2 protein chains.
Amino acid sequence: MHAPDGNRLAALAALLADPTRARMCLALLDGRAWTAGELARHTGVGASTASDHLSRLVRGGLLAQQRQGRHRYVRLADTRAAHLVETLAAQAEPTPVGERPRNLRTVRADRALALARTCYDHLAGRLGCALTEAMTHRGLLCQDTGFALTDAGLAWFAEHGIPLPRTGRRPLVRACLDFTERRTHLAGAAGAALCRHALASHWCVPAGTGRALRVTDHGERAWRELLGIEASALR
Amino acid sequence: MHAPDGNRLAALAALLADPTRARMCLALLDGRAWTAGELARHTGVGASTASDHLSRLVRGGLLAQQRQGRHRYVRLADTRAAHLVETLAAQAEPTPVGERPRNLRTVRADRALALARTCYDHLAGRLGCALTEAMTHRGLLCQDTGFALTDAGLAWFAEHGIPLPRTGRRPLVRACLDFTERRTHLAGAAGAALCRHALASHWCVPAGTGRALRVTDHGERAWRELLGIEASALR
DNA sequence: GGCACCGTGCGGCGGCGACCGAAGCGTCGC
DNA sequence: GCGACGCTTCGGTCGCCGCCGCACGGTGCC
């Protein structure tokens, strides 16, 4: 019953307005819980500095923490917080062609990330876009007039034993803008369910320590059988 | 082809991390162009300070400017920028019950804003939510499995002479979270078209200097005939 | 119990940036 | 052409905050 408040907006934005805190939140987009020390090393700052940043992010409601023994685990507070970081990151991305210094390792890592990765709790990268496109092509997902599952899409999830939560205020599907592909891919509760199922069925396995995934041979067959996605589309 | 960059994210967030700049962007959510002086008075800072802030927001790509005589008009750069501010503001809103100092004038202004207002380029407030609900109830909009217009919805727009852009990468419909109602309402190209039509037909007219709208008698009849919305639902 | 380790509180340092006032420049109106 | 007006540029001040090193408490391991 009140107009939006500039102070609150500024306070929220200030949480992400520091490069170190921003890097922490981007790292946490993998959906896992990290320890304070891991994040300190990942961002290249001292332990005390990282501790301070994390306290601030928790106090601001962006992160949730959980103490376990002598470790402090933090994760993104909820899907809303994750959605916020995604939105901001997507808007920030349009890099104006600048060729940045790169070495072989970063090229490899970027390439793995571009092929398949998690985006908080759903599948992204070329894989995420390919399956979104395939689902649209097969009439499971309708993008003509919005972004929604069709009846056939609901049936498809049921048929393959992927449970969709009926409950909850969380939207069943949501469009998420991809960093690398510059296209939208499937997010929301259905996107998360599909990602969980893919990991549980070992269609994808984590590659390395980040968010990157590798599609297994088993997974290549599954994607082809279920959605007609050729393995060549994932390279 | 690269992972999201913390520096760019932080730079973008920093644009909104100052209360004065945040207030400026919130004011610009009405979709109009403001002069630098208007924004300076609105935010309560000196002209030189405001000028500095605006330059920074323009340089950051959030605002677009247009010089006209001795005035400098600024507006939100595009719908992406508006979407960003909306998302951030919606997340920032959850005010923890704090009773803030209020006088009669602010109560009146808040009430007008809660009833009907523009949200960048579409209709929001109780009116926006009521028509979104009515369109859903009548099968024009489907929220069961996402957020999309139905065939009947497309026909409804055509039938009432409200042109929907076929072109463009902008999504036809999008769900926007309402500040006051805490519910989603219709945004995207269709929401903008409906808002334009409502203003052109004088179903709503601007009330005061802000984003608030007033539903005319003519408009009350129109909403009832078109979507079965009773006037009592808008009070 | 002793030790290694993870995280936190504190003091201090340095830099960024938000703000203002005054001076300057272009535009509009009489 | 003159003054009024809107905006910008330039110094200068002040407070905030990101960072570190260090000391300390708490936890787990041997």
Side-chain angles (χ1 to χ4, degrees), chain A residues 5-28 32-75 88 92 209, chain B residues 5-28 32-75 209:
Chain A
D5 181 349
N7 289 327
R8 304 185 68 83
L9 204 177
L12 177 61
L15 291 178
L16 294 168
D18 174 78
T20 301
R21 283 197 296 269
R23 269 189 279 273
M24 287 174 168
C25 289
L26 286 173
L28 289 166
R32 297 180 304 186
W34 293 49
T35 68
E38 284 171 339
L39 285 172
R41 281 185 296 276
H42 182 259
T43 55
V45 296
S48 59
T49 303
S51 173
D52 200 18
H53 283 311
L54 293 179
S55 296
R56 186 181 295 235
L57 287 168
V58 168
R59 195 158 358 106
L62 224 50
L63 263 49
Q65 63 178 335
Q66 192 176 346
R67 321 199 83 112
Q68 214 169 96
R70 57 180 167 182
H71 292 284
R72 175 202 211 178
Y73 285 95
V74 291
R75 72 184 74 202
L88 225 47
T209 59
Chain B
D5 180 349
N7 289 327
R8 305 186 67 83
L9 204 176
L12 177 61
L15 291 178
L16 293 169
D18 173 78
T20 301
R21 283 197 296 270
R23 269 189 280 273
M24 287 174 169
C25 290
L26 287 173
L28 289 167
R32 298 181 304 185
W34 293 48
T35 69
E38 284 171 339
L39 286 170
R41 283 187 295 277
H42 181 259
T43 54
V45 296
S48 58
T49 303
S51 173
D52 199 20
H53 282 312
L54 292 179
S55 295
R56 187 181 294 238
L57 287 168
V58 168
R59 198 159 356 105
L62 224 50
L63 262 48
Q65 64 178 334
Q66 190 176 349
R67 318 198 88 108
Q68 215 168 92
R70 55 182 168 183
H71 293 283
R72 176 201 211 177
Y73 285 95
V74 291
R75 73 185 69 204
T209 60

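What you are looking at is a predicted structure, and each value in this text was computed from that prediction instead of being measured. Chain identifiers are assigned alphabetically (A, B, ...) following the order of the sequence lines, protein sequences preceding nucleic acid strands; residue numbering begins at 1 within each chain.
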Engineer: Just how far, in rounded Å, is C1' of C/dG7 from CZ of A/R41?
Structural biologist: 12 Å
Engineer: Figure out the CG/C1' separation between B/L39 and D/dT8, and round it to whole Å.
Structural biologist: 16 Å
Engineer: Can you check the B/R67 CZ to C/dC25 P distance for me, whole Å?
Structural biologist: 16 Å
Engineer: Could you tell me the separation between the CD atom of A/Q68 and the C1' atom of D/dT27, rounded to a whole number of Å?
Structural biologist: 13 Å
Engineer: Nearest whole Å is fine: how far is C/dC5 C1' from A/E38 CD?
Structural biologist: 14 Å
Engineer: To the nearest 0.5 Å, tell me how far A/L57 CG sits from A/L62 CG.
Structural biologist: 6.0 Å
Engineer: Side-chain donor-acceptor contacts of residues 37-45 of chain B below 3.5 Å, not counting sequence neighbours, with atom names and distances?
Structural biologist:
{"unit_1": "B/E38", "atom_1": "OE1", "unit_2": "B/T35", "atom_2": "N", "d": "3.0"}
{"unit_1": "B/T43", "atom_1": "OG1", "unit_2": "B/L39", "atom_2": "O", "d": "2.7"}
{"unit_1": "B/T43", "atom_1": "OG1", "unit_2": "B/A40", "atom_2": "O", "d": "3.3"}

Engineer: Can you check whether B/S51's main-chain N or O pairs, donor with acceptor, with B/S55's side chain at less than 3.5 Å?
Structural biologist: yes
Engineer: Nearest-Å distance, CZ (A/R59) to C1' (C/dG9)?
Structural biologist: 13 Å
Engineer: Can you check the A/D52 CG to D/dC16 P distance for me, whole Å?
Structural biologist: 15 Å
Engineer: Roughly how far, to the nearest 0.5 Å, is the CG atom of A/D5 from the CG atom of A/L12?
Structural biologist: 11.5 Å
Engineer: Identify, between A/A47 and B/Y73, the residue whose nearest nucleotide on DNA chain D lies closer to the 5' end.
Structural biologist: B/Y73
Engineer: What distance separates B/L54 CG from B/R72 CZ, expressed to the nearest 0.5 Å?
Structural biologist: 5.0 Å
Engineer: Heavy-atom nearest nucleotide on DNA chain C for A/S55 versus B/S48: which residue maps closer to 5'?
Structural biologist: A/S55
Engineer: Is there a residue in residues 9-21 of chain A whose heavy atoms reach under 4.0 Å of DNA chain D, and which residues are they?
Structural biologist: A/D18, A/T20, A/R21
Engineer: C/dC19, D/dT9, D/dC20: which one has an atom nearest the side-chain heavy atoms of A/V45?
Structural biologist: D/dC20
Engineer: To the nearest Å, give me how far apart CG (A/N7) and C1' (C/dA18) are.
Structural biologist: 14 Å
Engineer: Can you tell me if the side-chain N/O atoms of B/R72 get under 4.0 Å from OP1 or OP2 in D/dG6?
Structural biologist: no
Engineer: Is a side-chain donor or acceptor of A/R21 paired with a backbone partner of B/A10 at a separation under 3.5 angstrom?
Structural biologist: no
Engineer: Please confirm whether the backbone N or O of A/A92 pairs with a side-chain atom of B/R8, one donor and one acceptor, at under 3.5 Å?
Structural biologist: yes
Engineer: Between C/dC19, D/dC19, D/dG6, spot the one nearest the side chain of B/H71, thanks.
Structural biologist: D/dG6
Engineer: I'd like to know if B/R70 reaches the base of D/dC7 with its side chain such that a donor and an acceptor end up less than 3.5 angstrom apart.
Structural biologist: no
Engineer: Taking OP1 and OP2 of C/dC19, is either one under 4.0 Å from a side-chain nitrogen or oxygen of B/T49?
Structural biologist: no
